[in-house]
Engineer: 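Can you read through this structure? Questions will come right after.
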Amino acid sequence: MAGPVSQRTYSDAEISAILRSVRSIAVVGASLKDVRPSYFVVRYLTDKGYDVFPINPGHGGETVLGRKVYATLADVPEPIDMVDIFRGPEHVPGIVEEALALVPRPKVIWMQLGIRHDDAAARAEAAGLTVVMNRCPKIEYGRLSGEISWSGVNSRVLSSKKPVLRPGFQHRGLPGT
Amino acid sequence: MAEERTPGFNTLAIHAGAKPDPATGARATPIYQTTSYVFDNAEHAASLFGLQAFGNIYTRIMNPTQAVLEERVAALEGGTAALAVASGHAAQAIVFHTLCQPGDEIIAAKKLYGGSINQMGHSFKSFGWNVVWADTDDLSTFEAAVSPRTKAIFIESIANPGGIVTDIAAISEIAKKAGVPLIVDNTLATPYLCRPFEHGADVVVHSLTKFMGGHGNSIGGIIVDGGTFNWSAEGRFPLLSEPRPEYHGIKLHETFGNFAFAIACRVLGLRDLGPAMAPFNAFLFLTGIETLPLRMQRHSDNALAVAEWLTQHDEVTWVSYAGLPGDRYHNLAKRYSPKGAGAVLTFGVRGGHEAGVKIVESVELFSHLANIGDTRSLIIHPSSTTHSQLTDDAKAASGAGPEVVRLSVGLEDVEDIIADLDQALKA
């Protein structure tokens, strides 16, 4: 599905399909501090019904937001569909190798906003994985569901279709779910 | 896979931000006339207050009708996000509250809307924000005004009054060199005529009261974030780059990236200063904006016809309208505002102050009032009204000398507009 690694733009349909296809997400570099962007992402993705596994080598065995923190990807006892990388580009190749060694293998490698590593992306794609770089899954989910529009953000999505509602007040889902 | 289309301006003016209401199917954006929003549970409430989830808390800070307006204008300007507030002045107050600390400086064009000259020159001074005036006709004055305390450069894309078109790209270069954002008031042009982000602006502000709303029925303003400025580069904008004690230590730029400025204006400036927009006004602005492209083209076409007619009139000594081929700003207008030079023009009347007053009292179709950007044609004598609090020298410097009459040309038949001016000039 993904284009060549030089591709820096992803269509809304591609991003939406990825976020609809995964259920479990490991967030590598998840912070336990409640003011850090990675903490926000763990919380948001958990609220949207994903099984989120925070990965942080310094805090293995602790809990954040009721989720057990694992020191490495290999420690996670359940299959991981997507690895979301919240570390600097220099850490990306090692994390990709760890992901490729998992059984079963994840389907998606996702690098956060500002993070890009073309060689590691090529390696993951050669192994059959889908790669997204330089995007935030919280922003993308918020954009495609319409939630981010409540904050006056330009979602760049025009639609005359009914937004998808999730249970409770002020919770929207991805179109097509 | 298929290429995704980039929607055109007319499509965005109608659709951006406005999906059908999922609860009722209402296709027009509902007026959410409510102060507050029910939380699912305490945890949901905490995540909203902590800026960890998207959603509404309280209409002083956000409202779903207002949010559609914000996304609409952000899309039309080509920005990342926007914040709508109670007036254009409120928008400016919040922008500079987000950028400036006491002792800081703003470089502003000296030819501005008279209200902005007052706001910046007097009210801002009592906050300790000092304005240094510069001349858009001599860009070296902007460079000379830069100091270590400079926090922003502020200009109007088309200046009010008097048809002055500003060289946005050249001033953007000066702002970049100084490491400060360029703030552009795009009220007179609207994004239909000029999109300042395409020329290097970092933040755009509007009085929505004028052409965006377009019908003279609501007061409002908006701040649009271009998403281009690096607020953390030099630590000069601590509200964006430093941990915020109001939010347990969140760094807004780190957390919200390329829409951090709009968020900071909302969760610090609007939250604490309080000039929220009424939901009903947001609805009226949305309705107005749906026809913005049609209206702005007609405004500009009518204004050009009126300007051409005025240049031939015996009682008229000069006409300032950048749409006229001989005008000193015509080349800048062709670059920055190629579809037309807008609705507002000034002219000098033979006989000075008294003649100017006589014209505004003799018109029948034009309305004598202190606004621009209505469907109706409007007229004013700035020297005795909008600019009356300025000294004579300051009036002249801002393009509001005693003989100056300002028009905001409306959408009536242009023959009727001209006939009314003709009888008033002869009266």
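Chain naming here is simple, since letters A, B, ... match the order of the sequence lines and numbering starts at 1 in each.
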Engineer: Can you list the steps and then say if Asn56(B) with Gln170(A) is a side-chain contact (heavy atoms from CB on, under 4.5 Å)?
Structural biologist: CA-CA 8 Å; Asn56(B) 299 289; Gln170(A) 303 199 63; 3.3 Å; yes
Engineer: Examine whether an atom of Leu83(B) lies under 4.5 Å from a heavy atom of chain A, and if so say whether it belongs to the side chain, the backbone or both; otherwise answer neither.
Structural biologist: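 It is neither, since no heavy atom gets under 4.5 Å.
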Engineer: Is it the case that atom CZ in Phe9(B) sees more than 12 heavy atoms from other parts of the structure closer than 6.0 Å?
Structural biologist: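 Yes, CZ of Phe9(B) has more than 12 neighbouring heavy atoms, counting only those of other groups under 6.0 Å.
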Engineer: Would you call Ser151(A) and Met62(B) a side-chain contact if the rule is heavy atoms closer than 4.5 Å?
Structural biologist: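 No. Closest side-chain heavy atoms not under 4.5 Å.
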Engineer: Would you please name every residue forming a side-chain hydrogen bond (donor to acceptor under 3.5 Å, both in side chains) with Thr187(B), sequence neighbours left out?
Structural biologist: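 With neighbours one apart ignored, the set is Asp185(B).
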Engineer: Checking heavy atoms, do the side chain of Ile148(A), its backbone, both or neither come under 4.5 Å from chain B?
Structural biologist: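 Both backbone and side chain.
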Engineer: Is it the case that Asp47(A) and His44(B) place a side-chain donor and acceptor less than 3.5 Å from each other?
Structural biologist: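 No.
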Engineer: So do the side chains of Val35(A) and Tyr247(B) get within less than 4.5 Å of each other, counting heavy atoms only?
Structural biologist: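 No; the side chains remain at least 4.5 Å from each other.
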Engineer: Show the numbers, then the answer: is there a salt bridge (Lys or Arg N to Asp or Glu O under 4.0 Å) between Arg43(A) and Glu43(B)?
Structural biologist: CA-CA 11 Å; Arg43(A) 178 161 204 167; Glu43(B) 198 179 315; 3.8 Å; yes
Engineer: Less than 4.5 Å to any heavy atom of chain A: does that hold for the side chain of Pro7(B), its backbone, both, or neither?
Structural biologist: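 The answer is the side chain of Pro7(B).
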Engineer: Name the option with the most non-hydrogen atom pairs under 4.5 Å to chain A; the candidates are Gly25(B), Ala82(B), Gly257(B), Pro243(B).
Structural biologist: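 Option with the top pair count is Ala82(B).
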Engineer: Which of the residues His15(B), His248(B), Arg266(B) is involved in the greatest number of heavy-atom pairs with chain A at under 4.5 angstrom?
Structural biologist: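 The option with the most such pairs is Arg266(B).
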Engineer: Shorter than 4.5 Å, heavy atoms on both sides: which option in Gly114(A), Ser155(A), Cys136(A), Gly142(A) has the most such pairs with chain B?
Structural biologist: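 Result: the option with the highest number of such pairs is Ser155(A).
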Engineer: Heavy-atom pairs under 4.5 Å with chain A - which of Asn41(B), Ile61(B), Asp40(B), Asn258(B) has more of them than the others?
Structural biologist: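 Most pairs with chain A among the choices: Asp40(B).
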Engineer: Which atoms of Thr6(B) are under 4.5 Å from chain A, going by heavy atoms: the side chain, the backbone, both sets, or neither?
Structural biologist: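 Thr6(B) has no heavy atom closer than 4.5 Å to chain A.
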Engineer: Under the ring pair (Phe, Tyr, Trp, His ring centres under 6.0 Å) test against Phe54(B), which residue among Tyr44(A), Tyr141(A), Trp150(A) passes?
Structural biologist: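 Among Tyr44(A), Tyr141(A), Trp150(A), the one meeting ring pair (Phe, Tyr, Trp, His ring centres under 6.0 Å) with Phe54(B) is Tyr44(A).
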Engineer: What distance do Leu51(B) atom CG and Phe40(A) atom CZ have between them, rounded to the nearest 0.5 Å?
Structural biologist: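 One gets 6.0 Å once the value is rounded to the nearest 0.5 Å.
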Engineer: Please report the C-alpha distance between Lys162(A) and Lys19(B) in whole Å, then the side-chain angles of each, then the deciding distance to 0.1 Å, and finally whether the side-chain contact (heavy atoms from CB on, under 4.5 Å) criterion is met.
Structural biologist: CA-CA 7 Å; Lys162(A) 181 187 175 185; Lys19(B) 295 172 183 167; over 6 Å; no
Engineer: Any idea which heavy atoms bring Ser149(A) and Ala67(B) closest together, and the distance?
Structural biologist: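 Heavy atoms only, the tightest pair is O-CB, 3.4 Å.
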Engineer: Would you indicate whether Arg36(A), at its atom CZ, is surrounded by more than 12 heavy atoms from other residues, nucleotides or ligands within a distance under 6.0 Å?
Structural biologist: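 Result for CZ/Arg36(A): open.
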Engineer: Do Asn154(A) and Thr80(B) make a side-chain contact, defined as non-hydrogen atoms from C-beta onward lying under 4.5 Å apart?
Structural biologist: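 Counting from C-beta outward, Asn154(A) and Thr80(B) never come under 4.5 Å.
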Engineer: Mind ranking Arg156(A), Lys33(A), Lys161(A) by heavy-atom pairs under 4.5 Å with chain B and telling me who comes out on top?
Structural biologist: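 Option with the greatest count: Lys161(A).
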Engineer: Is there a side-chain contact (heavy atoms from CB on, under 4.5 Å) between Leu12(B) and Leu158(A) once you walk through the steps?
Structural biologist: CA-CA 8 Å; Leu12(B) 292 174; Leu158(A) 304 189; 4.1 Å; yes
Engineer: Roughly how far, to the nearest 0.5 Å, is the CZ atom of Arg27(B) from the OG atom of Ser160(A)?
Structural biologist: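 If we round to the nearest 0.5 Å, Ser160(A):OG and Arg27(B):CZ are 6.0 Å apart.
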Engineer: I'd like to know whether Asp34(A) forms a side-chain contact (heavy atoms from CB on, under 4.5 Å) with Gln52(B), so could you lay out the CA-CA distance, the side-chain angles of the two residues, the decisive distance to 0.1 Å, and finally the verdict.
Structural biologist: CA-CA 9 Å; Asp34(A) 66 0; Gln52(B) 295 168 355; 4.2 Å; yes
Engineer: Given a strict heavy-atom distance threshold of 4.5 Å, which part of Ser145(A) is in contact with chain B: side chain, backbone, both, or neither?
Structural biologist: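 For Ser145(A), the contact with chain B is made by the backbone alone.
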Engineer: Can you say whether Ala84(B) sits under 4.5 Å from chain A via the side chain, the backbone, both, or neither, judging by heavy atoms?
Structural biologist: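 Neither the backbone nor the side chain of Ala84(B) comes within 4.5 Å of chain A.
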Engineer: Flag the one option from Ala262(B), Gly227(B), Ser47(B) with the top tally of heavy-atom pairs under 4.5 Å to chain A.
Structural biologist: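 Most pairs with chain A among the choices: Ser47(B).
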